[in-house]
Amino acid sequence: MSTLKFDEGRLMQVLVAPIVSEKATMVAEKSNAVTFKVLQNATKPEIKAAVELMFKVEVKGVSVVNTKGKTKRFGKTVGRRDNVRKAYVTLKPGQELNLSGEAA
């Protein structure tokens, strides 16, 4: 287990939302990894601690991807989507994460 201590309130905010997409599902089936949208300034150890705290599972590793927001037009107005930071959290063999909302 990680010896680092994080503020529990901060850890509750680190994971913004689970990402449910075809790619995320394929990754989940292939490598037992779950994908989350995380805060822009979240660190890998923080993400690991947050997942272990919230879902009571053991995390093998965390990979992080930063995606730049696309520029979109709406008539004359030009806007930008937010930048997104995704975390691919690989779970240890035999571990399973239940995102469907039922209590464990």
Side-chain angles (χ1 to χ4, degrees):
M1 283 298 285
S2 54
T3 51
L4 294 167
K5 279 277 164 249
F6 294 105
D7 174 28
E8 207 167 297
R10 160 91 175 143
L11 290 183
M12 289 298 185
Q13 293 171 335
V14 167
L15 303 177
V16 179
I19 294 177
V20 182
S21 64
E22 281 188 36
K23 183 178 178 182
T25 310
M26 281 183 353
V27 170
E29 285 171 3
K30 202 168 107 187
S31 60
N32 198 20
V34 193
T35 313
F36 289 100
K37 186 175 174 182
V38 292
L39 293 179
Q40 207 57 47
N41 57 3
T43 61
K44 286 183 181 183
E46 264 183 341
I47 295 165
K48 178 178 176 173
V51 172
E52 287 182 345
L53 172 81
M54 291 169 84
F55 299 104
K56 308 282 187 277
V57 290
E58 288 182 51
V59 173
K60 185 175 167 189
V62 177
S63 304
V64 175
V65 180
N66 286 317
T67 314
K68 285 197 176 124
K70 292 181 178 178
T71 306
K72 291 287 180 183
R73 293 182 65 104
F74 192 78
K76 272 192 251 178
T77 330
V78 176
R80 253 184 108 237
R81 288 192 182 159
D82 287 343
N83 296 332
V84 177
R85 186 170 170 92
K86 284 189 214 171
Y88 291 95
V89 180
T90 312
L91 304 176
K92 288 188 178 168
Q95 295 285 317
E96 205 171 278
L97 201 134
N98 189 356
L99 289 175
S100 54
E102 297 107 51

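Values below: all heavy atoms of this structure, side chains included; hydrogens, waters and symmetry mates excluded.
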Requested in this report: Just jot down the salt bridge (charged side-chain N to carboxylate O under 4.0 Å, His left out) partners of Arg81, sequence neighbours excluded, or say none.
Outcome: none
Query raised in the report: With a 4.5 Å heavy-atom cut-off, do Val64 and Lys86 have their side chains touching?
Result: no
**Report entry** Heavy-atom check, side chain of Ser31 versus side chain of Val27, under 4.5 Å
**Finding:** yes
Query raised in the report: With a 4.5 Å heavy-atom cut-off, do Val16 and Phe36 have their side chains touching?
Result: no
Requested in this report: Answer yes or no: is there a side-chain heavy-atom contact under 4.5 Å between Ile47 and Val89?
Outcome: yes
Query raised in the report: Do Val84 and Lys37 have side chains that get closer than 4.5 Å, going by heavy atoms?
Result: yes
Query raised in the report: Would the number of heavy atoms belonging to other residues, nucleotides or ligands and lying under 6.0 Å from CD of Gln40 be above 12?
Result: yes
**Report entry** Qualifying side chain to side chain donor-acceptor pair (under 3.5 Å) pairs, either residue in residues 60-75, two or more places apart
**Finding:** Asn66-Arg85
Report task. Identify the heavy atoms of Met54 and Leu15 that sit nearest to each other, and give their distance. Result -> SD-CD1, 3.8 Å
Query raised in the report: If you round to the nearest 0.5 Å, how far is OG1 of Thr25 from NZ of Lys30?
Result: 13.5 Å
Report task. Verify side chain to side chain contact (heavy atoms under 4.5 Å, CB included) between Val51 and Val57, making sure each step is shown before the conclusion. Result -> CA-CA 7 Å; Val51 172; Val57 290; 4.0 Å; yes
Requested in this report: Side-chain contact test, heavy atoms from C-beta onward, threshold under 4.5 Å: evaluate it for Tyr88 versus Ile19 and give yes or no.
Outcome: no
Query raised in the report: Roughly how far apart are Glu58 CD and Leu91 CG, rounded to 0.5 Å?
Result: 10.0 Å
Query - Minimum side-chain heavy-atom gap Leu53-Met12 below 4.5 Å - result: yes
Query raised in the report: Within the side chain of Glu52, is there an N or O that forms a donor-acceptor pair under 3.5 Å with the backbone of Val59?
Result: yes
Report task. Considering non-hydrogen atoms only, spot the tightest contact between Thr35 and Ala24 and give its length. Result -> OG1-CB, 3.7 Å
